[in-house]
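In what follows, every chain begins at residue 1, and chains take the letters A, B, ... in the order their sequences are listed.
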Protein chains: 2
Amino acid sequence: MATKGSSKTTPLRIIPLGGLGEIGKNMMLFEYENDMIAVDCGLMFPTEDMLGVDLVIPNVSYILDSGKNFRAIFITHGHEDHTGALPYILRQINVPVYCTPLAHGLISVKLKEARLLQSTDLREIRPGDSVTEGPFTVQPFQVAHSIPDSVGYAIRTPVGTCIHTGDFKLDHTPVMGQSTDLARLAQLGDEGVLLLCADSTYAEVPGYTPSEQIVGAAIFQLVAKAKGRVVVTTFASLIARVQLVFDAAEATGRRVFITGRSMIDNVNMALERGYLRAPEGMLVSVRELPSIPHEKLVIITTGSQGEPTSALTRMANQDHPHVKIVEGDTVILSASAVPGNEALVHRTVDNLFKLGAKVLYNRIADVHVRGHAAQEELKIVQSLVRPKYFVPVHGEYRHMVLHAQVAESMNQGTETFILIDGDVLEITKDSASFGEHIDADYVYVDGLGVGDVDHVVLRDRKHLASDGIVVVILPMEKNTSKIAGAVEVVSRGFVDMDEREELIDRTREHVTKKLQSADHTLEWGAVHTEVKETVAKFLYDETRRRPMVLPVRVEV
Amino acid sequence: MATKGSSKTTPLRIIPLGGLGEIGKNMMLFEYENDMIAVDCGLMFPTEDMLGVDLVIPNVSYILDSGKNFRAIFITHGHEDHTGALPYILRQINVPVYCTPLAHGLISVKLKEARLLQSTDLREIRPGDSVTEGPFTVQPFQVAHSIPDSVGYAIRTPVGTCIHTGDFKLDHTPVMGQSTDLARLAQLGDEGVLLLCADSTYAEVPGYTPSEQIVGAAIFQLVAKAKGRVVVTTFASLIARVQLVFDAAEATGRRVFITGRSMIDNVNMALERGYLRAPEGMLVSVRELPSIPHEKLVIITTGSQGEPTSALTRMANQDHPHVKIVEGDTVILSASAVPGNEALVHRTVDNLFKLGAKVLYNRIADVHVRGHAAQEELKIVQSLVRPKYFVPVHGEYRHMVLHAQVAESMNQGTETFILIDGDVLEITKDSASFGEHIDADYVYVDGLGVGDVDHVVLRDRKHLASDGIVVVILPMEKNTSKIAGAVEVVSRGFVDMDEREELIDRTREHVTKKLQSADHTLEWGAVHTEVKETVAKFLYDETRRRPMVLPVRVEV
């Protein structure tokens, strides 16, 4: 029974910051009275309409402007979309970062590159630990995901217990002993859970996500049957997958060559820290490589997303310094294409086929499983936790809606809220409702610039991309709009300038004639508009294209 | 037993023209001695690296330059990727075009718009017909596909019989009586087939493509259960799907409103020609629409690919003149996203969910089946036809390789060749080998321009898209390289010009200083290069971006 008091009048506030439709994936803020903590601090890769943008990071202006105590960031696991914005955010707000040992290793590398390792208070945390930051007591629990040392968090607050799963799936027979701690979830559920935030990424998929063991069997069989070399690519962070390849190589008497910078770095780090086991002498150096018979070799490489400069893409383009693909090679793409990378991956597969390799990928063989829970797994978590309130997180909007439908289909009386970036959910012991929305617009990173690419710049890039640019240079007398020299017209990305020279000539004549008959007392603003419209119309009539027209005045 | 003679010394030549990895999809040339015919004349939609390009069409310069008799084009069915280049190609080569009745209707509309209907010799052809053009006798046979009146062709040549399947699947229980004529394929196989060209689009998929009836059952159930309006989108050419929706509406006592120009046009055409059956009074006019209760209405609309100006996208953006999506609406996307359109479709789905609609799409319900054969169907065709030679067509390179593997797995002694655009396969009665490759580079259509966008223009667009442009205007004395006024720097798509004004100022100062100290007798070419490199380096150091730098000389 709820009583009147501060716990009723002061709600817990839940606010997702940054990350497109992928709410909460990047950064989820928990606020109570004067204190805040965040779960994760990830980056987004730009969608195709964010031309030239390198990264998208969470918008933390609310935290900065609030004047409240932002106490700590709790990282669920070491993937970029959960950790990648740390170098940007820590420059703005330097707070302790809690993470599991493997995430600690990966984040350290990242912070060292950004020269932030010295100034950052990075703290290890493990399942079973309990950390108190202000009014929040935070307790990690183990979850299965596609990188070891993944956790979810139980967050004890004055209003009640919240659970944030992070990315997870079940998998009762994991390759690296990392299953989701269902017993802990059941315990928390028995105690009573106020709020559950759970991973929606695969809420579209019915049934269960298969165990990593399925992939192990498939890879073993392919390696055993292959008559030549086997080249395997996967995400560099998918340590369990690398272990499966090591195991298959050992069982079939093959040695292993690792290529691609992030794969080499991650494998070395994982071997040093004991996340990977390889028998003595299994790994092949570059120098030894030419002497190993093809039927005795497995190559593990980066490039599962068709990244243009990755080792596998270079092999596919016959451009790798040490590995030339030949007939008899078997290439296994043990990964799925991240949305947006499909075309690059397809090109790599096509090029490998053209070189005569046998290529296996997830559409035609069981060489990959997802790292996220499907519908029946989501239901298991709901049934164990039985939360009062449920906020689906991760995934795009439709995934969150479907996840909410899954939760509602269970008739446990759970109330569901779908939040997007900047939405504020205010929760008391016996009520939950939306507070006032805060500004959490995307922050774009392009090169060194953080936030200096806005929607105007993007709109211009889109315009330039589709029909190019025509620059019209107008030499004018000082203080008048009188043409004082030859008009120059230059274009890029519009038409083949050699083949359509006459079109450029006619544009110059057209605008010159127009200006000669114009009023010379006009302001530059008016001339600018007139030239722009005249040229745009002329070129549209001639070509049905709409290049960007940029009039420039030069005073002579 | 082969005898020496012209049929041995003169090979039949098979040449795919245009269409990226999708060989033969767009246009497949059959050449014997001095005569040629083509199967299909389609267009490709540009891939994402073809910025601003509207369409890609086959390259027919080989036909034009050969001086041979190009006799006719045989169309397999009325889809754009098999007919869409006709308006462009017929302007270059006016030959008879053979097509089935529905394709005839669709092509007529297209040619009328292009003012080519009068000058084109469009001829109807039906399964069972036999047409002789020079040394080729061409006989269409019925195939099942996602548009009625689809055919494949048996092409009798002096060297032997060739079969081109066009796009096909099996489907023994089709919705519109259109199954693939297996008996005819068996007959041809018994007679002996020299060459089979068959659809590879879904060669990745094991098993069978489900029957269109599956979709019928799913749509009926959804319409019957829906409490409010049902909005269904599909490809405008997928007449059988529209019939399923009509049937479901009739059975549940609902009326039907059609919206979206191509859907209205196609439904009207199909009703007139008897491809669609609707009971009297089922269709709703715009005027009647507001008076129909939601639970008595089905809306059929364009927009299955998330096209920005389509009716469904406008509904999702609350911008449709007649239909406002409300809670209680059910929206069915009865189509799959064509590769490259995924992001647009996802955005539409997300927006519909945000408006409170229940949205069903192919990942979460059986509301769509593919129009192409899967592996077990491909095997049935191989086993009936038992060709001497096999050329996989349609689909990207990996699909053709997988299709070849499917054919080879049957051990029928078939020899397989994988062709890409411009490859020439020379076939005699007892041999097949590659001839000299011909030029068949893509031809890009952008607005009114055909072929005036080349790789230079595309490279520029890509450059502009990623980091924008910086124009540097240099007022110079005539005949020298001496600066004769203030240097102007203008940028678009690079940085926020207001926020980074100082950067533009510093760029101007930097280049001015550089030029003041430069040798004034330099040629413009040398100055141009120096300015370009100086500015590029300065901006890269400042921003880590690489905008296009365009120096322009103005003589004063």
Side-chain angles (χ1 to χ4, degrees), chain A residues 21 47-48 51-52 204-205 339-340 342-343 346 349-350 353-354 359 363-364 396-398 401-402 446-449 452-454 456-458 460-469 471 473 475 484-486 488 490 492-496 499-500 542-545 548 550 552-556, chain B residues 21 47-48 51-52 204-205 339-340 342-343 346 349-350 353-354 359 363-364 396-398 401-402 446-449 452-454 456-458 460-469 471 473 475 484-486 488 490 492-496 499-500 542-545 548 550 552-556:
Chain A
T47 57
E48 66 247 53
L51 294 169
E204 275 175 342
V205 179
E342 293 91 346
H346 292 162
V349 171
D350 284 354
F353 269 129
K354 283 179 191 165
V359 190
R363 288 200 68 168
I364 59 172
E396 300 182 38
Y397 196 87
R398 64 193 175 285
V401 173
L402 294 169
D446 183 3
L448 294 181
D452 68 344
V453 169
D454 59 4
V456 177
V457 172
L458 288 183
D460 284 349
R461 286 182 185 172
K462 202 164 173 184
H463 191 170
L464 291 166
S466 93
D467 284 318
I469 188 167
V471 184
I473 296 117
E488 230 5 281
V490 187
R492 284 293 183 278
F494 170 48
V495 287
D496 185 327
E499 225 176 280
R500 299 296 304 266
E542 291 279 331
T543 64
R544 290 284 182 284
R545 297 180 202 168
M548 177 184 285
L550 180 59
V552 184
R553 173 195 177 104
V554 186
E555 293 196 347
V556 295
Chain B
T47 56
E48 66 245 55
L51 294 169
E204 274 175 342
V205 179
E342 293 91 347
H346 291 162
V349 171
D350 284 353
F353 269 129
K354 283 178 191 167
V359 190
R363 287 199 70 168
I364 58 171
E396 298 181 41
Y397 197 87
R398 65 193 174 284
V401 173
L402 294 169
D446 182 3
L448 295 180
D452 69 343
V453 169
D454 59 4
V456 177
V457 173
L458 288 183
D460 284 350
R461 285 182 185 171
K462 203 165 170 182
H463 191 169
L464 290 167
S466 92
D467 285 318
I469 188 167
V471 185
I473 296 118
E488 224 13 276
V490 186
R492 284 293 183 278
F494 168 50
V495 287
D496 185 326
E499 224 175 281
R500 300 298 304 265
E542 291 279 330
T543 65
R544 289 285 181 280
R545 297 180 202 167
M548 178 183 284
L550 181 59
V552 185
R553 174 196 177 102
V554 187
E555 291 195 348
V556 295

Got more than 12 heavy atoms from elsewhere within 6.0 Å of CZ, B:Arg363?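 Open.
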
Atom of [X], atom of [Y] and distance for their closest heavy-atom approach:
X: B:Val554; Y: A:Pro475; answer: CG1-CG, 4.0 Å
X: A:Glu396; Y: B:His346; answer: OE1-CB, 4.2 Å
X: A:Val453; Y: B:Phe494; answer: CG2-O, 4.4 Å
X: A:Arg544; Y: B:Leu448; answer: CG-CG, 3.4 Å

Measure the shortest side-chain to side-chain distance between B:Arg398 and A:Val359 over non-hydrogen atoms and say whether it is less than 4.5 angstrom.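 B:Arg398 does not reach A:Val359 side chain to side chain.
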
Examine whether an atom of [X] lies under 4.5 Å from a heavy atom of chain B, and if so say whether it belongs to the side chain, the backbone or both; otherwise answer neither.
X: A:Lys354; answer: both
X: A:Val205; answer: side chain
X: A:Asp454; answer: side chain
X: A:Arg500; answer: side chain
X: A:Glu204; answer: both

Taking [options] one by one, which has the highest count of heavy-atom pairs under 4.5 Å against chain A?
options: B:Arg545, B:Glu542, B:Glu555; answer: B:Arg545
options: B:Gly468, B:Ser466, B:Gly52; answer: B:Ser466
options: B:Val471, B:Val456, B:Leu458, B:Ile364; answer: B:Ile364

Select one option (side chain, backbone, both, neither) describing which atoms of B:His463 are under 4.5 Å from chain A's heavy atoms.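 Neither part, no heavy atoms under 4.5 Å.
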
Choice from A:Gly493, A:Gly485, A:Gly447 maximising heavy atom contacts with chain B below 4.5 Å: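 The option with the most such pairs is A:Gly493.
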
Kindly compute the distance separating CD1 (A:Ile469) from CG (B:Leu464), expressed to the nearest 0.5 Å.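 Rounded to the nearest 0.5 Å, the CD1-CG separation comes out at 7.0 Å.
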
Would you give the length of the straight line joining atom CG of B:Leu550 to atom CG of A:Leu550, rounded to the nearest 0.5 angstrom?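 Interatomic distance, B:Leu550 CG to A:Leu550 CG, rounded to 0.5 Å: 10.0 Å.
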
